[in-house]
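Predicted model only: the values in this text are computed from it and were never measured.
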Amino acid sequence: MTATTVAPAGGTAVGGAGGRVRGRWLILGVLCLAQVTVVLDNTVLTVAIPVLTTELSASTADVQWMINAYALVQCGLLLTAGSAADRYGRRRMLLAGLVLFGLGSLAAGLAQSGGQLIAARAGMGIGGALLVTATLAVAMQVFDDAERSRAIGLWAAASALGFAAGPPFGGLVLAHLPWGAIFLVNVPIVLVCLVAAWALVPESRRPTGGRLDLGGVLLSTAGLTAVVYAIIAGPERGWTAAPVLGAAGAGMLLLAAFVAWERRVADPMLDMHFFRSRRFVGAVSGVVLITFGATGALFLLTQHLQFVRGYPAWEAGLRMVPFALSIVLLNVAGVAARVIRRLGLPRSIAFGMTLLAGGLALITHAPTDGYGVLLPGLLVMGAGCAVANPAIVEAVMSAIPPEKAGAGAGVDGTMTEVGSSLGVAVLGAILNARFAALLPAALAGAGSFPAALAAAGTEAERELVAAAFRSALETGQTVGAVAVFAGGCVAAALLRRAERAG
């Protein structure tokens, strides 16, 4: 490894045969547990909205900020967190992230008002940004080339498991415990990860740290936060609303200033020379394209399960568990890593996203609503993600020198958040536009499916509303499937072109 490495806290030697780090698979288990917890908190609150509205007297705007404050702060800080991991030590930032995430979870679980919960969620976002980047950066350091692909696959599988586990986990907790337990359960998990990381994870950092790029930190954080805020607020406030346009414009200007600053500063937090590499540009573009289609399509699928098939939120999440488990099992068994080695990164991405698109199309257009059709579709989607997700992460990380693994993890995380937010916003807008166009004239202007159902005066009108929403979902999911397939093909083509040029 080109990064400097020292022994862990206990002073135990970490080098094994052939220079491999001892206990690396146990270390990966700790990293994956932390990653599952961080990602789970992106979706766990979706089932707690009614409880929060009642017990904290929260308005609709308050609830939106309770959910979005975490993702917004996390995305704004990912580039900074990745740079800090390289500069100050990946183990150190991993431990700091665990402490901040644990304290934020404790504060969230004990919150007595909407404002307190929003502030606590923002604090969790700071810790989450450090963890998302540090876990991947540490994995890149403790595994060599022969094992890195499988390790990245397991890390990506942990992310998928956390995404799918949020709603059923939240529903299970709320069925037996007060809402604060959703966050308090993070505390013992964080303590276990802290002790294990302190004892097992070796420290690593760039050989030369350099000075803190304060200008880059401020510009990237402010610019990314503004852009992601505009993407999140656009569907609710309207894309032409002054706050949305203002935030988007300010964010783009700040990011342009960030690029200019990074090109002239002596020790930049993000080396702009990376973008001269076709492999890096192709990989980063692929992350945005793939997460745009995949996250947007899964967002519509959860609505399909709840509003069309009639499952409550926690049960809808539970029925998506086979999707996440198939990703985990295929990576744990090493199947995904073998496929990636056999096909190569470009073909693996195209193959995986084709499976994901095909599974979504099967669920959308199957002639029956039974779970017997839904389950095969979810398994095919899971198989696609099991191959495509680690392939695209490996493509990003392999395009960056190992000593800058934190910066690579920051770029990967940032592009994932941007693509995910865009996917939910754009495909959600397609759904809403189609639904509004199909509604009966008497119900025109209803802002959502529940609102239209409540406004329907007769059973015939309610059936028309349900049919309109089902048709709108089919349109949105079909567009999502096409976006997934096209994104995978474009990403594969860009990477293939970069390989040929190289």
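Residues passing the side-chain hydrogen bond (donor to acceptor under 3.5 Å, both in side chains) test with R434, sequence neighbours excluded: none.
When the shell of 6.0 Å around OH of Y229 is examined, it contains more than 12 heavy atoms from other residues, nucleotides or ligands. Residue-environment remark: CZ (F280) exceeds the threshold of 12 foreign heavy atoms within 6.0 Å.
The pair D86-R90 meets the salt-bridge criterion, with a side-chain N (NZ, NE, NH1 or NH2) lying under 4.0 Å from an Asp/Glu carboxylate O.
Looking at heavy atoms from C-beta onward, N331 lies in side-chain contact with P390 at the 4.5 angstrom threshold. For the pair L136/Q35, no side-chain contact is recorded, criterion being any heavy-atom separation below 4.5 Å from C-beta on. Side-chain contact between W261 and P268 is absent, with no heavy atoms from C-beta onward closer than 4.5 Å. Between V228 and E417, the closest side-chain pair of non-hydrogen atoms is not below 4.5 Å. Side-chain contact check for L355 versus V387: every heavy-atom pair is 4.5 Å or farther apart.
Contacts classified as salt bridge (charged side-chain N to carboxylate O under 4.0 Å, His left out) and involving residues 474-485 (residues at least two apart or in different chains) are given here: R470-E474.
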May I have the step-by-step check of ring-ring contact (aromatic ring centres under 6.0 Å, His included) for F143 and W155, ending in yes or no? CA-CA 12 Å; F143 288 95; W155 181 89; over 10 Å; no
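A donor-acceptor contact closer than 3.5 angstrom is absent between the side chains of S398 and R148.
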